[in-house]
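A quick write-up on the structure given underneath.
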Number of protein chains: 2
Amino acid sequence: MDQVNLKKLAKELNLAVSTVSRALRDSHEISPKTKERVRELAEKLGFQPNPHASSLRQNRSKTIAVIIPEIENNFFSQVINGIESVTPDKGYHVLIYLSHEDYNKERDILQLLRNGRVDGVMISVSNTTTNMDHIEAWRQNGFPLVIFDRTCEDVDVPNIMTNDAEMAFKATEHLVKRGCKRIAFLGMAGNLSISNRRKAGYLAALEKYRIAAPPKVVELTAKDYINRDLLKQIFQEQPRPDGIFAAIEKFAVNTYEVCKELNLHIPKDVKVISFSNLQAAALFDPALSTIIQPAYDIGREAANILFKIIEKKMLMPYEKKMILPSQLIERASTAITS
Amino acid sequence: MDQVNLKKLAKELNLAVSTVSRALRDSHEISPKTKERVRELAEKLGFQPNPHASSLRQNRSKTIAVIIPEIENNFFSQVINGIESVTPDKGYHVLIYLSHEDYNKERDILQLLRNGRVDGVMISVSNTTTNMDHIEAWRQNGFPLVIFDRTCEDVDVPNIMTNDAEMAFKATEHLVKRGCKRIAFLGMAGNLSISNRRKAGYLAALEKYRIAAPPKVVELTAKDYINRDLLKQIFQEQPRPDGIFAAIEKFAVNTYEVCKELNLHIPKDVKVISFSNLQAAALFDPALSTIIQPAYDIGREAANILFKIIEKKMLMPYEKKMILPSQLIERASTAITS
DNA sequence: ACATTTTTCGAAATCGTTTGCAAAGAATTT
DNA sequence: AAATTCTTTGCAAACGATTTCGAAAAATGT
């Protein structure tokens, strides 16, 4: 790899390395004439500065890390898309890490990055994360960090999320207005902030509408077969739920699967609504009513805020806790059946 | 950031920097006793070597880049997942770049990486890529590179893909056996290798089964509304197709949408089968018959091969062109209606 | 013509790690 | 005992770009 570097350019042009460097960075202390000469040769030889040398010297990597629990989930894909909508313009690169919903992996990844490899981190915590020490350590270190979607209130770090509680309230309200009397909430096991917020909205709606039946909070997992078993149990109890509010897309899919198996008709026997960013939800049998999160915007805004922190700009108060609204789309799965 | 570095460790231990470095890299030329002392302090102070300094010195970044056309597509998410299943163990980091199906962006990204930022690249080319010069330039440069899924035969670079033609043949055959007489192929506009391979399989099946109706190859785009208009036209022609083979998942979705709008019944009026990695395809109305690609495996194998190249190991012949088989899943959208 | 400022450039230090080489001491062989 | 290896460590030079500092050279002012 006979890479062309500053030294080579300098020799060729009969200039000092420092002059070439300055010329390429458009320094005021280089004459227009030499700048032109330098740029021309650099262009011709296809010179590109070695990023490691730059990063080492400037103590700045021009790279950020995104840590997410999983990637086979439309929501996180859209977030990444949103992030990528700002990074190239900033001249930044994006490293992806998956925690696979494992606290230990998450901690190790964060640990791994405490050496200057990245200038900042965006993270959505795993659902097994109960301890926020690893996040807190970063914050205290003064390392730029933002948390999105799966936030943690305990730590003083910018949060970018959606109005989970409000939308959960609306979703539950929607089911109530469609005539459901026994609404179950399908949340993620663990102590996830979004699960808690969504559960709170669910409970608030039940209370507001004075639903007689006691709240039914079901904690599902990452494993489909376990979820299906649990759901089967629940649908075989008497009286069974006539409304399902799934806090996670995957759980709505599990519900559909189980209903098909048990010959329960959606929406006649059970109405279903779910948080989901799946475009194809409209094609389901029946079309699934969803709460769509502004995933792309969450990614974009989170990235913007991270860059503000990296650039040591002051954050507006609203940027410390940004809430982007979701959207409820009614479809056949919550239709009234006469 | 009072980062702890080798110099600090050395001073503290009253050793030379080089000794500390060697001790941490477990060099044979350091006595077990000093190794222990060094490791202990390094552990205590939480020393982590600066990756930029290492990369600069060793001319090796421990990072690979993945360039994909888009990320809001289950297939590519699964590929990334597969890649990530091997990278951490190798101590490697993964940069993600999106070409957004734009040849110029793709070229620029590749250009951007020709400076040592990464040790290798995995790419799935955009559908506007007709010119392979940028890939060829990399190859000639001796830079480690593998192409997956959307490969290009012209260039002598390891390919990892699925048996597109064969599965396209089987999908078409499947429609024929389900009684379809006029089967249309929905491919991506542009000169994409996978489109061509899948088209070839489609045509071969039509020929083998001596289908009277002339082949109908429809070229769709990235824009949903354009696709829907085109599909509407096609379904309003007489005679209209009674079978649709979508080479891309998105096109099957478009087909469903249009059929709903035109009140065409799937599978009675039209049968549909599609390449797709969407788990929820089984929940569609009707459940969509799919050809599932081994996306995760493609990612994993592609990464493994890339690492072999990076480590300058010889490739087995089959690794230069690896074909991982897809799987055809019959569902209601191609069922026989009596 | 001289002094002063401004412009333009070069030498060298720096970032933190790795590594070739030398050197000192210990262990072994002759 | 001398000569030889082997073990263990330190010194210093890389890697390539940036940046501080200072020195010419040119432009300006008196």
Side-chain angles (χ1 to χ4, degrees), chain A residues 1-39 41-42 45-63 91 93 112-119, chain B residues 1-39 41-42 45-63 91 93 112-119:
Chain A
M1 225 80 72
D2 50 344
Q3 274 293 345
V4 31
N5 52 23
L6 285 186
K7 206 191 290 182
K8 198 171 291 183
L9 286 182
K11 190 185 287 181
E12 188 86 11
L13 291 162
N14 218 11
L15 287 172
V17 174
S18 52
T19 307
V20 178
S21 172
R22 276 188 273 249
L24 290 172
R25 326 189 92 245
D26 203 22
S27 161
H28 68 277
E29 46 184 344
I30 300 296
S31 73
K33 217 184 303 173
T34 23
K35 271 186 194 168
E36 195 39 52
R37 279 181 63 212
V38 171
R39 270 201 278 255
L41 187 67
L45 299 187
F47 169 75
Q48 283 192 265
N50 181 307
H52 305 119
S54 286
S55 295
L56 175 60
R57 183 59 227 256
Q58 306 193 93
N59 200 29
R60 188 186 50 142
S61 63
K62 284 276 181 179
T63 307
H93 302 255
L112 199 66
L113 298 173
R114 293 181 64 169
N115 56 8
R117 184 179 292 278
V118 297
D119 296 341
Chain B
M1 225 78 73
D2 49 344
Q3 275 293 347
V4 31
N5 51 25
L6 285 185
K7 206 190 291 183
K8 196 170 292 181
L9 287 182
K11 191 185 287 182
E12 188 86 14
L13 291 163
N14 220 8
L15 286 173
V17 172
S18 54
T19 307
V20 178
S21 172
R22 275 188 268 252
L24 291 171
R25 326 189 92 246
D26 203 25
S27 161
H28 68 276
E29 44 184 345
I30 301 296
S31 72
K33 216 185 302 173
T34 22
K35 272 186 194 168
E36 195 40 52
R37 280 180 63 212
V38 171
R39 270 201 277 255
L41 186 68
L45 300 186
F47 169 75
Q48 284 193 264
N50 182 306
H52 304 120
S54 285
S55 295
L56 174 60
R57 183 58 227 252
Q58 305 193 87
N59 199 28
R60 187 185 52 143
S61 63
K62 285 271 181 184
T63 307
H93 303 255
L112 198 68
L113 298 173
R114 292 181 64 170
N115 56 9
R117 184 177 294 277
V118 297
D119 296 342

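Reminder, nothing fancy here: chain letters follow the sequence lines and each chain counts from 1. Only heavy atoms go into these numbers, but all of them, side chains included; no hydrogens, no water, no symmetry mates.
- Following rounding to the nearest Å, A/Arg57 (CZ) and C/dG16 (P) show an atom-to-atom distance of 10 Å.
- At D/dT18, one or more side-chain N or O atoms of A/Arg25 fall inside 4.0 Å of OP1 or OP2 (strictly under the cut-off).
- For A/Arg22 and C/dG10, the shortest distance from a side-chain N or O to OP1 or OP2 is not below 4.0 Å.
- A sub-4.0 Å separation between OP1 or OP2 of C/dG16 and a side-chain N or O of B/Asn5 is present.
- Listed nucleotides: D/dT18, C/dG16, D/dC11. Nearest to the side chain of A/Val17: D/dT18.
- Listed nucleotides D/dT9, D/dT8, D/dG10 differ in distance to B/Pro32; the shortest reach to its side chain belongs to D/dT8.
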Audit row: B/His93, A/Leu112, side chain to side chain contact (heavy atoms under 4.5 Å, CB included) steps and yes/no: CA-CA 10 Å; B/His93 303 255; A/Leu112 199 66; 3.8 Å; yes

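- Toward the 5' end of DNA chain D, the nearer of the two residues B/Ile30 and B/Gln58, judged by each one's closest nucleotide, is B/Ile30.
- In the set D/dA17, C/dT17, C/dA11, C/dA11 carries the atom at the smallest distance from any side-chain atom of A/Ser18.
- Here the P atom of nucleotide D/dG10 and the NZ atom of B/Lys11 are 15 Å apart, to the nearest Å.
- Relative to the side chain of B/Leu56, the nucleotides C/dA13, D/dC15, C/dT17 differ in distance, and D/dC15 lies closest.
- For B/Thr34, a side-chain nitrogen or oxygen approaches OP1 or OP2 of D/dT9 to under 4.0 Å.
- Between B/Ser54 and B/Glu29, the residue whose closest nucleotide on DNA chain C is further toward the 5' end is B/Ser54.
- Of the candidates A/Arg39, A/Lys33, A/Arg37, A/Lys35 forms a side-chain contact (heavy atoms from CB on, under 4.5 Å) with just one, namely A/Arg39.
- Considering all non-hydrogen atoms of both residues, B/Asn115 and A/Pro51 come closest at O-CD, 3.2 Å.
- Rounding to whole angstrom units, CG of residue A/Leu6 and P of C/dA11 are separated by 15 Å.
- One atom, CZ of A/Phe47, and another, P of D/dG16, lie 11 Å apart when rounded to the nearest Å.
- The CG atom of A/Asn14 sits 19 Å away from the P atom of C/dT8 (whole-angstrom rounding).
- The distance from atom NZ of B/Lys7 to atom C1' of C/dT14 is 9 Å, rounded to the nearest whole Å.
- Straight-line distance from the CG atom of B/Asn59 to the P atom of D/dA14: 16 Å, rounded to whole Å.
- For the OP1/OP2 pair of C/dC9 and a distance below 4.0 Å, the side-chain nitrogens and oxygens of A/Ser31 include at least one atom meeting the criterion.
- Between the CZ atom of A/Arg60 and the C1' atom of D/dT19 there is a distance of 13 Å, given to the nearest Å.
- Set against D/dG10, D/dC15, C/dC9, the side chain of B/Thr19 has D/dG10 as its closest nucleotide.
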Worked verdict on B/Asn50 versus B/Gln3 for side chain to side chain contact (heavy atoms under 4.5 Å, CB included): CA-CA 9 Å; B/Asn50 182 306; B/Gln3 275 293 347; over 6 Å; no

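- Of the residues B/Ile30, B/Thr34, B/Leu6, the one that meets the side-chain contact (heavy atoms from CB on, under 4.5 Å) test with B/Leu15 is B/Thr34.
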